[in-house]
Amino acid sequence: MGEHSAEGPAGDESTAPGEQLEISVASARKAARSAVKSAKPKKQPELAAELPVARIVVDKALSHLDQFFDYAVPASMSADAQPGVRVRVRFGGHAAGDRRRGGGLIDGIIVERLATSDYSGPLARIERVLSPEPVLPDRMLDLARAVADRYAGTLADVLSLALPPRHARVEAEPAEEPLPAPPRPETGSWARYEGGQDILDALSAGESPRSVWTALPGPTWPDEIARLMATCLAAGRGALVVLPDGKAVGRVDEALEHLLGRGRHIALTADAGPEERYRRWLAVSRGTVKAVVGTRAAMFAPVADLGLVALWDDGDSAHAELHAPQPHVREVLVVRALRERSAFLVGGLTTSVDAAQLVRSGWAQPLEAVRTEVRAAAPLVRTVGDLDVARDEAARTARLPSLAWDIARRGLETGPVLVQVPRRGYVPHAACQRCRASARCGGCAGPLELTGSDGALVCSWCGRHEVGWRCQECGGAQLRASIVGARRTAEELGRAFPRVPVRTSGRDAVLSVVPDVPALVVATPGAEPVAAGGYAAALLLDGWLLLNRPDLRAGEEALRRWLAAASLVRPASAGGAVVIVAEPTLRAVQALVRWDPQGFARTELGERHELGLPPVSRMASVTGSPTAVADLMRLVRLPQDTDILGPVPAPLPPRPAVATPARNAKTRAKSAAARAAIERPPAEASTDIPLWGGTTRAQVGPPPEERRERILLRVSPGRGAELAAALKAAQALRMSRGPSEPVWVRMDPLDIG
């Protein structure tokens, strides 16, 4: 047999057997060298010469991970990796020799730099400094920790509420120089209040008074808030005011601009958009601006040299945060006032029971006007009394008794008339004409509502159009309105006053201002526009609907909504009149007639004190499946003498909408997002989506089919912190054992029934 030549033609892949063995050995040696090379540890970057350890809070909103973690600081990042800046780190993994392997990248914030770590193992290194911009000063970290502890939450969740998403382009913009302090403003309408001059003098002198302010009716309260803030700025200190909605923020913003001009204050609202909002937030963080007005999220605004924190209309549910740990603005501002030694003011046209408790405890002082000033500013309030019944037998049961028609007719001769309707829509609830049984959807058993004058029936749960409806109780086919909405009311009034324009303001379209001309303005509570010259009259309809809510705060909330509408009416001396259609003997109705919200709050507080109900006591709600709630209650070590109320069935979340031809994909997505916000899930039910880097935390709630239970836990005053710590420890223990069913824990719930 002939041998193959080693010098075969080009491209010949054949080799001799000896050459094949040599090639195989060479390949093996090369592979071995590569393996040895890859096994050698990579050269680690040199660590910082000074303070090489960074203590970091990571974006992990889990109870058992609510702590700081130590990381090594590379020398190349030492200058930028300062306390308060955002970084990217590797979380998790395992120790491998003198280094750590595995884990995933996550956002974090440096809270301090240390010389050594108390962790004995190898430290993972900071992967990247996202921005050298300090966003978390020590005072804000201290506030966030205090809020998390009060509400049995995690520091990461509170920081997700306090810090807006980052925008690199905005951070690259240079900081502007702050304007000099303005001169102290005049007293203005504060002269009408007992102690009004005193609080302005105290702020001007750098003192920190605490007040519960009951504002007089009328359009002057935005200017009064602006004068408080301007007085604080004149003394060289910062001011923060939180309001319930963008409409109220706009009124105070306008008053501040009129008083101070531009450049000395900033409005923080979601309407500005994420980039502009971050730009304004940075102006506050950098000290360019020291006066902030805003909605709920502004409670964490990092105002420098804080001299005043103020809250307007603390009874509005918009001040209760929807996301974990669900803090209330009032309580956050109380903590800020204590920790930053600033003045505190909670004000409104009414006095909440919680604010009355601050006065009763001696922590704050009342700031009110004398009765002569109240009578001079308030409109005349009328109820449907015995004389009206004698004249009109149907007055007590009619939705619009003759007294209301007369007041509206006279009011339209001189200006606009406001009509407050507690429900939006056309006929929010329909019932059988024959047996009065509620009309229900044939698909999901949800309540049916009439959406317009054409009589179309639509389910408010699944959106299904009901055709050929018949009552399941009696077989009737005729419907009646069990609750009439704003649009139906506007239609009826339009027919009654055909020559008068009718405007509506509600969820679909909220009006801010209406002209001072005769018109009927039908609005839902909270959406009442301001009339340029004040309303000539106001009709407050369906008062029973607000008062009959199965909630501890029903009377308080009804009075708050009525006073908000009635305060937009001209004073009685100018002919302003208000008609309330409700039982005249009820306490809330009488408080409206006398315009005495302080007396109502004090009476309510006295009754709750006797019964041991909030705000005298502290409460927590524990909600979840029966198995999960029982599991948590087995683990929790409650404070001594804790009252356990329940368990009782808890309401299920809203049913998911079913696609119909009238609902496109975009509308369904918005509805799903709104339902997710209403669900209010806790930190333990959240997914690990990076938040501080610019995205949002996705909330995951229980499936609608799951049966829920709720337990209320009540402790005596002074034991709330102990209760919160116990519940948080139990949650952490459940999470550390592995995946488990979520349990919703909320401190100081608003809706306790």
Side-chain angles (χ1 to χ4, degrees), residues 48 54 56 73-88 107-113 126-141 143-144 159-183 229-230 232-241 249 253 256-257 259-295 297-307 340 690-695:
I56 295 175
V73 181
S76 60
M77 304 180 189
S78 182
D80 291 338
Q82 297 301 314
V85 306
R86 308 181 203 236
V87 294
R88 192 82 165 157
D107 289 345
I109 298 178
I110 299 176
V111 297
E112 62 178 327
R113 291 278 296 270
I126 295 176
E127 295 289 332
R128 183 159 62 98
V129 176
L130 296 176
S131 167
E133 182 78 38
V135 296
L136 187 63
D138 289 342
R139 67 182 188 281
M140 300 309 299
L141 175 64
L143 172 67
L159 291 179
S160 72
L161 303 175
L163 301 178
R166 174 178 176 257
H167 289 265
R169 181 171 57 185
V170 175
E171 287 183 347
E173 298 173 359
E176 298 181 4
E177 290 295 324
L179 296 176
M229 299 180 71
C232 209
L233 289 179
R237 298 197 296 172
L240 168 64
V241 176
V249 170
D253 180 50
L256 276 169
E257 187 169 328
L259 192 64
L260 298 175
R262 294 192 176 186
R264 285 195 170 91
H265 79 281
I266 271 179
L268 290 179
T269 61
D271 296 340
E275 184 171 330
E276 177 59 25
R277 192 174 189 279
Y278 189 55
R279 179 178 290 107
R280 298 180 184 182
W281 187 89
L282 277 183
V284 178
S285 178
R286 292 170 176 176
T288 302
V289 177
K290 297 174 68 174
V292 175
V293 293
T295 48
M299 61 182 164
F300 293 108
V303 180
D305 303 320
L306 192 61
E340 301 190 47
L691 178 70
W692 300 331
T695 60

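If you're wondering where the values come from, they're calculated on a predicted model, not measured in any experiment. Just the heavy atoms: all of them, side chains too, but no hydrogens, waters or symmetry mates, feed the values below.
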To the nearest 0.5 Å, how far apart are CZ in Arg169 and CD in Glu275?
-> 4.0 Å
Could you tell me whether the side chain of Arg264 and the main chain of Pro180 form a donor-acceptor pair under 3.5 Å?
-> yes
Approximate separation, where rounding is to 0.5 Å, of Tyr278 OH and Glu173 CD = 11.0 Å
Take Leu163 and Phe300 through the side chain to side chain contact (heavy atoms under 4.5 Å, CB included) test and state the conclusion after the steps.
-> CA-CA 8 Å; Leu163 301 178; Phe300 293 108; over 6 Å; no
About how many Å separate CZ of Arg166 and CD of Glu171, when rounded to the nearest 0.5 Å?
-> 4.5 Å
From CD (Glu340) to CE (Met140), nearest 0.5 Å = 6.5 Å
When rounded to the nearest 0.5 Å, the distance separating NE2 of His265 from CE of Met229 is 7.5 Å
Nearest-0.5 Å distance, CD1 of residue Ile266 to CG of residue Leu282 = 9.5 Å
Could you pull out the closest heavy-atom pair between Val73 and Ala54, with the gap in Å?
-> CG2-CB, 3.5 Å
Heavy-atom closest pair, residues Ala234 and Pro183 | CB-C, 3.9 Å
Of all heavy-atom pairs between Arg113 and Ser78, which one has the smallest distance, and what is that distance?
-> NH2-OG, 3.1 Å
Would you call Asp107 and Arg86 a salt bridge, using N to O less than 4.0 angstrom?
-> no
Can you name the closest pair of heavy atoms from Pro134 and Pro83 and give their distance?
-> CB-O, 4.2 Å
Dump the intermediate steps for side chain to side chain contact (heavy atoms under 4.5 Å, CB included) on Ile56 and Ile126, then the final yes or no.
-> CA-CA 10 Å; Ile56 295 175; Ile126 295 176; 4.2 Å; yes
Carboxylate-amine/guanidinium proximity below 4.0 Å for Arg286 and Glu176 | no
State, to 0.1 Å, how close Arg280 and Ala267 come at their nearest heavy-atom pair, and which atoms those are.
-> NH1-O, 2.7 Å
Heavy-atom closest contact (Ala301 atom, Leu268 atom, distance) = CB-CD1, 4.0 Å
Which residue, Leu130, Ile110, Ile109, Asp80, forms the side chain to side chain contact (heavy atoms under 4.5 Å, CB included) with Val85?
-> Ile110
